[in-house]
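Take a look at the structure below.
Here is the naming used below: chain letters follow the sequence lines, and residue numbers restart at 1 for every chain.
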Amino acid sequence: MIRHIKWVALAFGFGILSIPAISFADSSLSLINIQKGIESGSSTSTNITNPNSSAKGQYQMENGALQDIGWRNSDGTWKSNPYGITSDSQYLSNQQAQEASALSYDQVLWGQLQSNGATSQVGNVVNGVQMNEAAMLECAYQLGAGGCNTYLKSGGQSISTDNPHFVNDLAKASQVADVSSITGAPTSAATLTTASTEGGQLSGGTSAATYCSQQVASLLAANGRQSIDAKTAIAMNGQTGYTLMNGSGVLEAAGASSSGSSSSASPFDVGGGSGGSFMQMSCIDRLMNGGLNVVFNPPSLNDLLGVLEQAVCQKTNALFQQMMQPIDSTLGEVTSQAAGGGFFPGLSLTSLGGSLNMNAGQQQGSSLTVGGVGSVGTNASASSVLTGDTSWYARSTPPNSTTLAFEGLFGTNKSTTSKTTGN
Amino acid sequence: MKKAGCLAVGLLALGLPSASFAAQIPLHSDPHAREMSIINSQFGRYLASDPTIKPQTAVVDLEGKGVGSVIVRFSGSRNTCDQRGCLTYVLRYSEHAWQPVFARHLLTLSTKKVAGAPVPDLVTDTREAWAWTGINYVARLSMYGKQFAITSPASREDIDAAAPALKTYTAGTRPAYYSARVSLGRIQGTVVMAVGSGVCGNAGCPFTVLGAESLTPVLTGEAENGQIAVFPGSDSDVHDLAVGHKQGVSLYRFADQKYKLIATTFPSSVTPNP
């Protein structure tokens, strides 16, 4: 993985805020997964249709695209294809066919981009996005090869004003380092180098200003800055005083995101913590659920560790993982208990507000505190958490006590239980 | 699916509205309602930041599968209410989490059965209809006005007039051009669409709307054929245009000899989300 940090100034409508933007060319990312995320979020459903277009499936392939890859006739009937699809309903129930058709369409688009000369602009920076091959393909996926050529030749000026997420979509795609399976040729080293050193000036400010009200955009920016600060603090402190001070941290520590813990989550996951696609989320969703990445992509802990590996103790990551894993599982159990039953499936701590403070000292009495408004508040022994003992939350007696309380905004349901822990 | 079953029983017992008939969804303000735990978990910190917000909620089996979706309207606050109404969400349990599948400022929300659609539409007090796609609700273009198809081969004159606006889309290709005459109220319009491999993308095909007299392009964009609608505007003698996209509907109004984007049903530069 090639990592690079650049400090850029992002305008959020209300002013200029300097926050770090990171440009990655990641060999572990695949364009097809990025495209699925852009088109349908994290949904595992394949039966996705649209009232305003013929778009269908996880990749939202329109009939014109299916014609371009030779799967469909202009009269709406299906041609012979590798998956034996003969109807829309068959296509909608076949995930493999959907993925194969999208891949095939990417290959067709690359040929069209070569034909119209757009590929000569590989490596150019447009609206702050390094237009590598993957970004080019996403550009054409959305605008068509002709529309993408227009976009590139105009220096990004031709972008439709009703599609302000377009630049962010390209930024996500640009993180894919290798699309040789689509283009038929290895991605040039020169392109990768350029992408990793000059990318990063995303027009996230535009998105924040246009997508969100000013009030929420301000809060989003503050949360983003706080997220960076908190994770940097974790990464740079290899001994004690691990602190994660924001809701996003709680979300990730609780393993709420679909990609698991914070250390494994890509900063470019689509949809953030709530698991939906961007179009499904409002600014408040993104603010409350930690899905900052549409406006601003906070680096994950692993990203920071990689970048700062010369300065940070190598044990940090292992220690963090060791701490977070039992917290993940424990929080889940706490949530289950706090919910008091199964009236609603899966009520969880996925988007708790509040804070998580953890002091992982060696001495007895270190504490873990998870708190939030309208959420679950717990106090527990850090040592029991660190050893994976999940019994600490229940029925403790002082001094090794646990208080479990549900304190909602609109009423309090506090039930304090206790159990002796094994300290 | 024990939990889902429990909820289905709960719905029947409580007499909550089902989606089997068109009906306005009644919302109630009960801080002790079970769904408030979900609202708190999803929006707790935001609600705490603005105590004037008064959540009104309901649980409705929108999909007829015995699993409730949570509907919440955040009323009572300047931050969540404007002239359109108050911000209203539909939360659906999917992928092991409660996810917002609909967000709109509105006064009332109803459900309406649509022929051929397995899940009823959501209908707002402004008669917008939102269709279920399988992952979220998307506004239907058909509710805005009369859709028209572009099927006639374009004349040489129309092609020449449209070509400058479409040339960057069509560079290096040999598209076919189609056109349609459209009454735009005070003016007559001609919509020209370029169709062909390498011209159209996954957002449709490029089109331009020519003003009648000078054949000057007044709007250029991309859409699938048939996904443009025309309807009388509220403050102009030239009709508005609506263009349907995968993510929703974009509305354009004629002003200063051009069509300008005035609203979208999804977050955009002209319709920011709270």
_Is there a side-chain contact (heavy atoms from CB on, under 4.5 Å) between Glu222(B) and Leu143(A)? Walk through the geometry before answering._
CA-CA 8 Å; Glu222(B) 288 178 283; Leu143(A) 302 180; 3.5 Å; yes
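Between the side chain of Gln142(A) and the backbone N or O of Gly201(B), no donor-acceptor pair lies under 3.5 Å. A donor-acceptor pair under 3.5 Å is formed between the side chain of Thr150(A) and the backbone N or O of Tyr169(B).
Summarising the local packing, OH of Tyr178(B) is surrounded by 12 or fewer heavy atoms from other residues, nucleotides or ligands at distances under 6.0 Å.
For the pair Val249(B) and Asn52(A), the minimum side-chain heavy-atom distance is below 4.5 Å. Side-chain contact between Glu224(B) and Ser54(A) is present, with at least one heavy-atom pair separated by less than 4.5 Å.
In this structure, chain B has heavy atoms under 4.5 Å from both the backbone and the side chain of Glu62(A). Residue contact with chain B, scored on non-hydrogen atoms closer than 4.5 Å, involves the backbone and the side chain of Thr49(A) alike. For Tyr59(A), the part sitting under 4.5 Å from any heavy atom of chain B is the backbone (N, CA, C, O) and nothing else. For chain A, no part of Thr173(B) is nearby; none of its heavy atoms comes within less than 4.5 Å.
One finds the CG atom of Asn47(A) at 11.0 Å from the CD1 atom of Ile135(B) (value rounded to the nearest 0.5 Å). Atom CD in Gln60(A) sits 8.0 Å away from atom CG in Asn202(B) (nearest 0.5 Å). Atom CG of residue Leu141(B) and atom CG of residue Asn50(A) lie 10.5 Å apart, to the nearest 0.5 angstrom.
For the salt bridge (Lys or Arg N to Asp or Glu O under 4.0 Å) test, residues two or more places apart in sequence or in another chain that qualify with Lys246(B) are Glu39(A).
For the options Gly117(A), Gly147(A), Ser115(A), heavy-atom pairs under 4.5 Å to chain B are most numerous at Gly147(A). Ranked by heavy-atom pairs under 4.5 Å with chain B, the list Ala145(A), Ser53(A), Ala55(A) is led by Ser53(A).
Minimum heavy-atom separation, Ala139(B) to Pro51(A): O-CG, 4.2 Å. Between Gln112(A) and Gly198(B), the shortest heavy-atom contact is NE2-N, 3.0 Å.
Thr44(A) and Glu95(B) form a side-chain donor-acceptor contact under 3.5 Å, judged by distance and modelled atom types alone.
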